[in-house]
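Everything quoted here is computed from the prediction, not taken from an experiment. Lettering of chains follows the sequences in order, A, B, ..., and the numbering in each one begins at 1.
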Amino acid sequence: MTPARPLGAPVPRSFFARDAVAVAPDLLGCVLENRTDAGTVAVRLTEVEAYHGAADPGSHAYRGRTPRNAVMFGDPGHLYVYFTYGMHYCMNVVCAPGGTASAVLLRAGEVVRGAELATSRRLGAAPRDLARGPARLAVALGVGRTDNGRDVCARDASLRLRTGSPVPVSSVRSGPRVGVAAGADTPWRFWIADEPTVSAYRAHVPKRRGDARGFRP
DNA sequence: CCATAGATGCACT
DNA sequence: GTGCATCTATGGC
């Protein structure tokens with residue numbers, strides 16, 4: 001059980017200086033706020049996933065340090081933003097001591113401030129869908145490639161985490177991570193029960209290859 | 001509701 | 001060349 005923190009207090013770096021699997025459930029209910037020239041959007045986190053360092057086959061860090069994942073190997077409290085599927089950005093917060101490459105993927109949340117700005121970034125999205133899914137969350141917050149490596153614990157951070165209303169332990173759920181083949185036995189996806197903003201679960205879809213085109217068994 | 005396909009750039013093998 | 005820690009549109013029921 002984590003000690004209660006004053007509502008709205010910035011989350012200190014020490015919070016992230018633990019294993020991602022320990023940090024992830026504690027992150028639920030916290031509020032991520034991004035101030036830009038366009039305005040401020042704040043999101044209450046409802047769904048996250050832990051990536052457990054270089055030993056985790058599902059992690060980008062599994063095959064060692066590369067230019068892309070370098071931030072993961074750095075100090076806790078920094079943002080690891082990566083580009084995927086040719087069009088999407090997803091964001092993690094680095095955890096554990098430097099060099100561990102442990103991180104938490106922020107998968108979904110509820111927009112609690114700046115809904116108008118978030119909606120302008122996500123045209124056509126219903127309120128509950130504004131930040132439902134990791135790539136949508138990044139868009140709603142206005143986070144992209146240039147935010148990779150940002151320190152969310154810095155004194156003057158325009159992108160930072162605050163504590164929110166505590167989430168009862170009884171409301172925290174966990175299960176397999178989305179779209180990750182390795183570690184189906186590790187329930188490192190955490191979410192708040194009965195939250196409409198939690199992304200739809202999609203199990204990993206194995207790729208079929210080498211078959212004749214159009215052939216179906 | 002559910003299932004599938006296509007988009008699209010880049011890191012890595 | 002292969003395969004994404006995804007999203008959206010479309011088509012079937």
Practice task
Quick one: label A:R68 by what it contacts on the DNA or RNA (base, sugar-phosphate, nothing), any heavy atom closer than 4.0 Å.
Solution key: sugar-phosphate
Exercise for the section: Establish, with yes or no, whether the OP1 or OP2 oxygen of C:dT6 is under 4.0 angstrom from a side-chain nitrogen or oxygen of A:R107. Expected result: yes
Handout entry: For atom CG of A:D129 and atom P of C:dA9, their distance in whole Å
Key = 11 Å
Exercise for the section: Would you classify A:Y85 as touching base, sugar-phosphate or nothing, given that sugar-phosphate means primed atoms plus P, OP1 and OP2, and contacts are heavy atoms under 4.0 Å? Expected result: base
Practice task
Check whether any side-chain nitrogen or oxygen of A:R122 sits under 4.0 Å from OP1 or OP2 of C:dT8, and answer yes or no.
Solution key: yes
Practice task
Check whether the side chains of A:S158 and A:R150 place a donor and an acceptor atom closer than 3.5 Å, and report yes or no.
Solution key: yes
Practice task
Take the protein atom CZ of A:R189 and the nucleotide atom P of C:dA5, then report the distance between them rounded to whole Å.
Solution key: 16 Å
Handout entry: Residues A:R132, A:E195: salt bridge by 4.0 Å N-O rule
Key = no
Practice task
Choose from B:dT13, C:dT8, B:dA11 the nucleotide whose nearest atom is closest to any side-chain atom of A:T66.
Solution key: B:dA11
Exercise for the section: Return the nucleotide paired to C:dA9: Watson-Crick means purine N1 to pyrimidine N3 with N6-O4 or O6-N4, wobble means G-U with N1-O2 and O6-N3, both under 3.5 Å. Expected result: B:dT4
Fill in the blank from the handout: Comparing A:R136 with A:F83, nearest DNA chain C nucleotide closer to 5' gives the residue A:F83
Problem - Short N-O contact, A:R177 and A:E49, less than 4.0 angstrom - result: no
Problem - Separation of atom CZ in A:R63 from atom C1' in C:dA5, rounded to whole Å - result: 14 Å
Fill in the blank from the handout: Taken to the nearest whole Å, NE2/A:H88 to C1'/C:dA5 is 12 Å
Problem - Protein-nucleotide distance (A:M87, atom CE; B:dC10, atom C1'), rounded to Å - result: 12 Å
Problem - A:F83 ring center near A:H88 ring center (under 6.0 Å) - result: no
Problem - Six-ring centre of A:F15, A:R13 cation under 6.0 angstrom, axis tolerance 45° - result: no
Completion exercise
Testing B:dA11, C:dT6, C:dA5 for proximity to the side chain of A:R145, the answer is B:dA11
Exercise for the section: Calculate the interatomic distance between A:Y62 atom OH and C:dC4 atom C1'; express it in whole Å. Expected result: 17 Å
Practice task
Indicate, with a heavy-atom threshold strictly under 4.0 Å, whether A:G58 touches base, sugar-phosphate, or nothing.
Solution key: base
Practice task
Give a yes or no on whether a donor-acceptor pair under 3.5 Å exists between the nucleobase atoms of B:dA11, that is its base, and the side chain of A:Y82.
Solution key: no
Exercise for the section: For A:N69 and C:dA5, give me the distance from atom CG to atom C1', rounded to whole Å. Expected result: 13 Å
Handout entry: Under-4.0 Å side-chain N/O to phosphate OP1/OP2 contact, A:H60 with C:dA5
Key = yes
Completion exercise
Between OH of A:Y51 and P of C:dC4 the distance, given in whole Å, is 12 Å
